[in-house]
Structures are given as C-alpha cells and as structure tokens.
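Counting starts at 1 for both ligands and their atoms, in listed order. Treat the numbers as computed from the prediction; the structure is a model and nothing was measured.
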Amino acid sequence: MTVLKNDCFLRALQRLPVDRTPVWMMRQAGRYLPEYRRVREQAGSFMTLCTTPELACEVTLQPLERYRLDAAILFSDILTIPDAMGLGLEFVEGEGPQFQKPVRTAEDVRQLPIPDPEKALRYVPDAVRLIRRELDGRVPLIGFSGSPWTLATYMVEGRSSREFRKIKGLMYEQPELLHILLAKLTESVSLYLNAQITAGVDAIMVFDTWGGVLSPVQYRQFSLNYARLALSSITRERAGKKIPAILFTKGGGQWLEAMAASGYDALGLDWTTDIGDARARVGDLVALQGNLDPQALYAPIPTLRAEVRQILERYGEGSGHIFNLGHGVWPDVNPEHVGAMIKAVHECSPALHRGGAI
Ligand code: CP3
C-alpha cells in the first residue's frame, strides 16, 4: 500500500491538526494551462481525454508539476453517468454539453439503465488505478460525481440551461416521475463513487452545481435528500482508512445547517458566503472548502494576495479549512496568477495553525 507523503488535505477534511491550510482548485486541470490545451488538441476532443486513461492521467498530473497543490482531482466529467445511460453526450465547441436523447417522458425514465461502473464506465476506474500508480503517494486523489439533482437537470434539459424550464416543469407537473429519475440516479452515483473508491481515490466530492436554483423546500426534497441517500450507500473506508466526502452546492449558502447535518465530512462554499460566518453556523459538524471568487484571479497580484489573506483570516485559527475557489477556474486565467494564489496560501496560512493570527 502506498503511504501518502502529503496528507494535509485529508487531515483538514477530518479537522485534525495541520501545519498549514491545504489548497487545490476546482478545474485545476483545464484550458487555462497551455500544456492541457496541447494534449486536448492532439486528442481531438474533451471526451477522448476522459475515456483514454493514459490521457486522463497525464492531464490530472499537469497542475501538480507546476504548483504546490495538496490534492489531485480525477480528470473526468460529471456527465459520464448520463452518457453511460445512453443519452448520447456531445460537447459542442462554444456551446457546452448536449445530449442527443434527453429524458422527457415516463417511458424515457423507465428505460434508463443503471450503469455498471466496471463495464460502461470502466475507463473511469481504469484512470483512477493509473493515476494512483503515477501519483505514487505524492498527494491524495479526489474522485467525484455530479449530484442526482444536477445530473437530472442536464438529462432533462438536454443541455446547459439558465431558466431550467423543462426540469422545473417536470418538478411541478409530475413530481413523482422526477423522484423515480432521482432514485435511479442516486443508485448510479453510489455505484460509481464506490467503484472509484475501490479503484483508489482517497476522498470523494459531489458537485451539486444547480441545487441553488431551487426554493428551500424543493432543495431539501429534490437535491439534498438524494445527495444524502447516495452517500448512505457509499463505503467510506478502504483498508481501515476513512474516505472523506465533500458536498458542494453552488448557491447553497443559506442551507449550510441542513447540509452540515447530511452526513458529509465537508462542505464546499461558493464566494457569496462569508467563510467565517459559515464556520460559526456549522460548528464542529463539518470542514469547509473554498471560497475565493474565481474572478479574483484576474486581479493584480497584490489584490489577489489580499483576497486570499482575507479568506484565511475570516476562517480563522485551526484546522478544518481547505482553500479553493468558489467555483471552477476560468479558461482565460493567467497561470501565473494561479501560482500567486497558491503561494499566498503557503505563506499566509502557517501562522493560523500555530495558534496565531496572520
Ligand atoms: O476539477 C477538475 O480539475 C476535474 C475535472 C472536472 C471537469 N468537469 C473537467 C472539464 C470536473 C470536476 C468537472 C465537473 C463538471 N462538469 C461540472 C460540475 C462542476 C461545476 O463546474 O459546477 C459540470 C456542471 C460539468 C459539465 C460540463 N463539462 C460543462 C458545463 C463543461 C463546459 C463546456 C465548455 O465548453 O466550456 C464541461 C467541459 C469540461 N469539463 C472541461 C473540463 C476541463 C472543458 C473541456 C474542454 O477541454 O474543452
């Protein structure tokens, strides 16, 4: 068994003492990196990167070569599950993801298979096994899935949406059908995350990108409830080591108490919530991950450093904070600014773990 040389991220997720705040970045392997764009161009498409374990492994490791990051995240996408369900995923240049066969009717829902991750999604656990070998214990590897609700929004809308008219139509007109779809997705998500854990990920993260478009009551019924159910069927241990789980609901700041009681070890925050207030609200129940505004990466470096410092200070002393952006990094960000952000976390955070202020 590989021993981790840097377990700062896993310790912070469990609120165990650390000597500095760990840092990683959502979409850290992506288009802002010229080395990513090169591999992506050679591969021809984004999905080829995802479905070819050697390429997924190569791009996963790219940001670690450049920066002192404390975690790697599997290079993949949340839409692999609906693709494996037969919806026909395409990434149209400049338009984002689209499905050839969106889910619209009761018959569509009934016909959806629950994919066996070692068959239809085999490229994902294969990539995990390869990345884990290549990482050789440098840092932990994060596996992930979309939340059942967020996957359902893409499957019903058929593409990215602003208004969510179709999925909300289904929610108001045929809520029982939406519940059947969400239950199928919940089972698929649990199987998928369990396969990633067996293959070797050290932590898991559930991306609930669209939970924040719901009303409070709907959020509990259609989003949080299924994210919680998915977690309850996940084996959160491998070889006696805990596999921590993170829940990220974009726009979920007003529901932190409910999220903190859902069984996850940590919550991801977007930048619209003050991380100090969030800490006071969730108490000792969970760790917190976040929450720099991704747009702060365009600011001059002294301003960017001040923003990093402010988040670290607002969280305050002690463990339980994982520094991250409040959402994914934009493709046109200057990689040097990403480096400056990470350096600022390394320089400013140790004081907070020696019982002092910055
Ligand atoms: O964080 C990481 O570094 C791991 C990789 C990762 C990707 N997508 C790579 C990716 C993760 C964790 C995701 C999750 C994902 N995918 C989410 C949830 C996270 C979030 O952003 O809230 C969502 C909603 C998706 C669906 C998706 N995939 C969209 C909307 C897009 C953008 C399409 C576009 O053209 O901009 C993608 C594509 C995608 N996923 C890219 C990457 C690096 C860009 C693909 C490319 O190279 O062209």
Please say whether [X] places an N or O atom under 3.5 Å from an N or O atom belonging to ligand 1.
{"X": "R31", "value": "yes"}
{"X": "W24", "value": "no"}
{"X": "H327", "value": "yes"}
{"X": "T209", "value": "yes"}

Test log, rule side-chain hydrogen bond (donor to acceptor under 3.5 Å, both in side chains), inputs S319 and H353: CA-CA 7 Å; S319 188; H353 301 281; 5.5 Å; no
A cation-pi test, strictly: NZ or CZ of R279 under 6.0 Å from the centre of the six-membered ring of Y315 and no more than 45 degrees from its axis. Yes or no?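 Yes; both conditions hold, so R279 lies above the ring face of Y315.
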Looking only at protein heavy atoms, which one is nearest to [atom], and how far off is it?
{"atom": "atom 1 (O) of ligand 1", "answer": "R27 N, 2.6 Å"}
{"atom": "atom 46 (C) of ligand 1", "answer": "R40 NE, 3.2 Å"}
{"atom": "atom 47 (O) of ligand 1", "answer": "Y36 OH, 2.5 Å"}
{"atom": "atom 27 (C) of ligand 1", "answer": "D77 OD1, 3.6 Å"}
{"atom": "atom 39 (C) of ligand 1", "answer": "F46 CZ, 3.5 Å"}
{"atom": "atom 23 (C) of ligand 1", "answer": "I78 CD1, 3.5 Å"}

Calculate, to the nearest 0.5 Å, the distance between atoms OG1 and CE belonging to T153 and M155 respectively.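 Nearest 0.5 Å value for the OG1-CE distance: 10.0 Å.
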What orientation do H179 and F222 show, parallel under 30°, tilted 30 to 60°, or perpendicular over 60°?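 Taking F222 first and then H179, their aromatic rings lie parallel (interplane angle under 30°).
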Report yes or no: does [X] have a heavy atom closer than 4.0 Å to ligand 1?
{"X": "K250", "answer": "no"}
{"X": "W210", "answer": "no"}
{"X": "G94", "answer": "no"}

Counting N and O atoms only, with roles assigned by atom type, does the side chain of D202 sit under 3.5 Å from a partner on the main chain of G143, one being a donor and the other an acceptor?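 No, because the side chain of D202 does not come within donor-acceptor range (under 3.5 Å) of the backbone of G143.
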Report the member of [options] with the shortest heavy-atom distance to [atom].
{"atom": "atom 29 (C) of ligand 1", "options": "C50, G96, P97", "result": "P97"}
{"atom": "atom 4 (C) of ligand 1", "options": "L74, T150, V92", "result": "L74"}
{"atom": "atom 38 (C) of ligand 1", "options": "F207, F144, F91", "result": "F91"}

For Q98, the option from L89, L79, V92 that meets side chain to side chain contact (heavy atoms under 4.5 Å, CB included):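 By the side chain to side chain contact (heavy atoms under 4.5 Å, CB included) criterion, Q98 pairs with just one of L89, L79, V92: V92.
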Pick one: which of L185, I114, V124 meets side chain to side chain contact (heavy atoms under 4.5 Å, CB included) with Y192?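 That would be V124; it is the only one of L185, I114, V124 passing the side chain to side chain contact (heavy atoms under 4.5 Å, CB included) with Y192.
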Does a side-chain heavy-atom distance below 4.5 Å link W330 with R31?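 SC-SC contact between W330 and R31 ruled out.
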Side-chain heavy atoms of H346 within contact of Y67, under 4.5 Å: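 No, every pair of side-chain atoms sits at 4.5 Å or beyond.
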Salt bridge flag under 4.0 Å for residues D274 and R314: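 A salt bridge links D274 with R314.
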Test: K343 and E336 ion pair at under 4.0 Å: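 No salt bridge links K343 with E336.
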Give the atom numbers and elements of ligand 1 that come within less than 4.0 Å of a heavy atom of [X].
{"X": "F75", "value": "43 (C)"}
{"X": "S76", "value": "5 (C), 6 (C), 7 (C), 8 (N), 9 (C)"}
{"X": "Y154", "value": "24 (C), 30 (C)"}

Heavy-atom contacts under 4.0 Å between P331 and ligand 1: side chain, backbone, both, or neither?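 Looking at P331 and ligand 1, no heavy atom falls under 4.0 Å.
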Determine, using the 4.5 Å side-chain heavy-atom cutoff (strictly less than), whether F91 and L55 are members of one ILVMFWY cluster.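 Looking at the clustering, L55 is in the same group as F91.
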